[in-house]
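Have a look at the structure below, then the notes.
The model shown is predicted, which means the values in this text are computed figures rather than measured ones.
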Amino acid sequence: QSERLLIVDDHAELRMMVVRMLRRTGLVNIDEAETGEECLAIASGIPYVLILLDLTMPGIGGIETCRRLRQTPKNSAARIVACTAHHSLYSRQFFKATGFDDILPKPFSFNELVEKVSAGADA
């Protein structure tokens, strides 16, 4: 299976939990990034099917990171899902307008995570 996923979040525990959850579903090609800068560096060389992107990170935030990902040849078409506890501050239209494909509100359950990841695999 060549489909790769990228988890971008400044909280190591959350990244570890998401990777563990997704591995239980059989997904193994999962990369991690702690910052927007690290995400952009990794994504410049690897095409991803799905990028779970935290909005609030030190340095480049998720919204700017998403904008820049959309300009990269390898990931302009990646499915990018905003992971945020602040989803109620923004409308769904705002997320679409800024380049996100979907939202995964924090905290999320295993089933919610799998549903968002599966939606990307079926698209």
Side-chain angles (χ1 to χ4, degrees):
Q1 160 186 351
S2 62
E3 294 185 337
R4 295 192 76 80
L5 278 70
L6 178 60
I7 314 300
V8 187
D9 198 295
D10 57 318
H11 292 99
E13 306 82 28
L14 181 76
R15 288 195 318 270
M16 200 170 25
M17 181 190 76
V18 169
V19 169
R20 249 197 335 264
M21 286 177 163
L22 292 176
R23 290 223 163 106
R24 287 199 340 229
T25 71
L27 294 167
V28 290
N29 295 319
I30 306 167
D31 297 327
E32 298 178 47
E34 187 173 355
T35 63
E37 291 87 347
E38 189 181 355
C39 165
L40 294 168
I42 293 170
S44 68
I46 301 171
Y48 289 98
V49 183
L50 176 73
I51 299 172
L52 291 176
L53 183 55
D54 185 22
L55 285 195
T56 313
M57 298 179 289
I60 303 173
I63 292 167
E64 177 63 16
T65 300
C66 181
R67 190 184 69 73
R68 293 188 192 182
L69 283 167
R70 291 293 179 214
Q71 296 172 348
T72 64
K74 293 223 185 271
N75 285 289
S76 59
R79 180 173 160 76
I80 304 176
V81 177
C83 291
T84 179
H86 307 291
H87 54 93
S88 59
L89 300 178
Y90 308 99
S91 69
R92 189 165 282 281
Q93 291 77 14
F94 171 81
F95 283 105
K96 293 280 187 198
T98 51
F100 288 96
D101 295 294
D102 208 343
I103 309 160
L104 179 60
K106 290 179 184 177
F108 49 83
S109 69
F110 173 73
N111 289 342
E112 289 168 318
L113 175 65
V114 170
E115 182 183 308
K116 296 297 180 186
V117 170
S118 300
D122 298 340

What pair of heavy atoms forms the shortest contact from Thr98 to Cys66, and how long is it?
-> O-SG, 3.6 Å
In chain order, what residues pass the side-chain hydrogen bond (donor to acceptor under 3.5 Å, both in side chains) check against Arg67, with sequence neighbours excluded?
-> Glu64
Which residue pairs pass the side-chain hydrogen bond (donor to acceptor under 3.5 Å, both in side chains) test with at least one member in residues 36-46, sequence neighbours excluded?
-> none
Side-chain donor/acceptor pairs under 3.5 Å, residues 46-58, sequence neighbours excluded:
| residue | atom | partner | partner atom | Å |
| --- | --- | --- | --- | --- |
| Tyr48 | OH | Asp31 | OD2 | 2.6 |
| Asp54 | OD1 | Lys106 | NZ | 3.1 |

Residue set satisfying side-chain contact (heavy atoms from CB on, under 4.5 Å) with Arg15, at least two apart, ordered chain then number -> Ile7, Asp9, Ala12, Glu32, Glu34
Please report the shortest heavy-atom distance between Ser76 and Pro73, naming the atom on each side.
-> OG-O, 3.8 Å
Sequence neighbours excluded, which residues qualify as side-chain contact (heavy atoms from CB on, under 4.5 Å) partners of Asp101?
-> Arg70, Arg79, Ile80
So, for Leu40 and Thr65, which heavy atoms are closest and what is the spacing to 0.1 Å?
-> CD2-O, 3.8 Å
State which residues pass side-chain contact (heavy atoms from CB on, under 4.5 Å) with Met17; sequence neighbours excluded, sorted by chain then number.
-> Leu14, Arg20, Met21, Phe108
For Phe110, all residues meeting ring-ring contact (aromatic ring centres under 6.0 Å, His included), sequence neighbours excluded | none
Mark yes or no for whether Thr72, through its side chain, and Leu69, through its backbone, hold a donor-acceptor pair below 3.5 Å.
-> yes
Side-chain contact, heavy-atom cut-off 4.5 Å: Phe100 with Thr84?
-> no
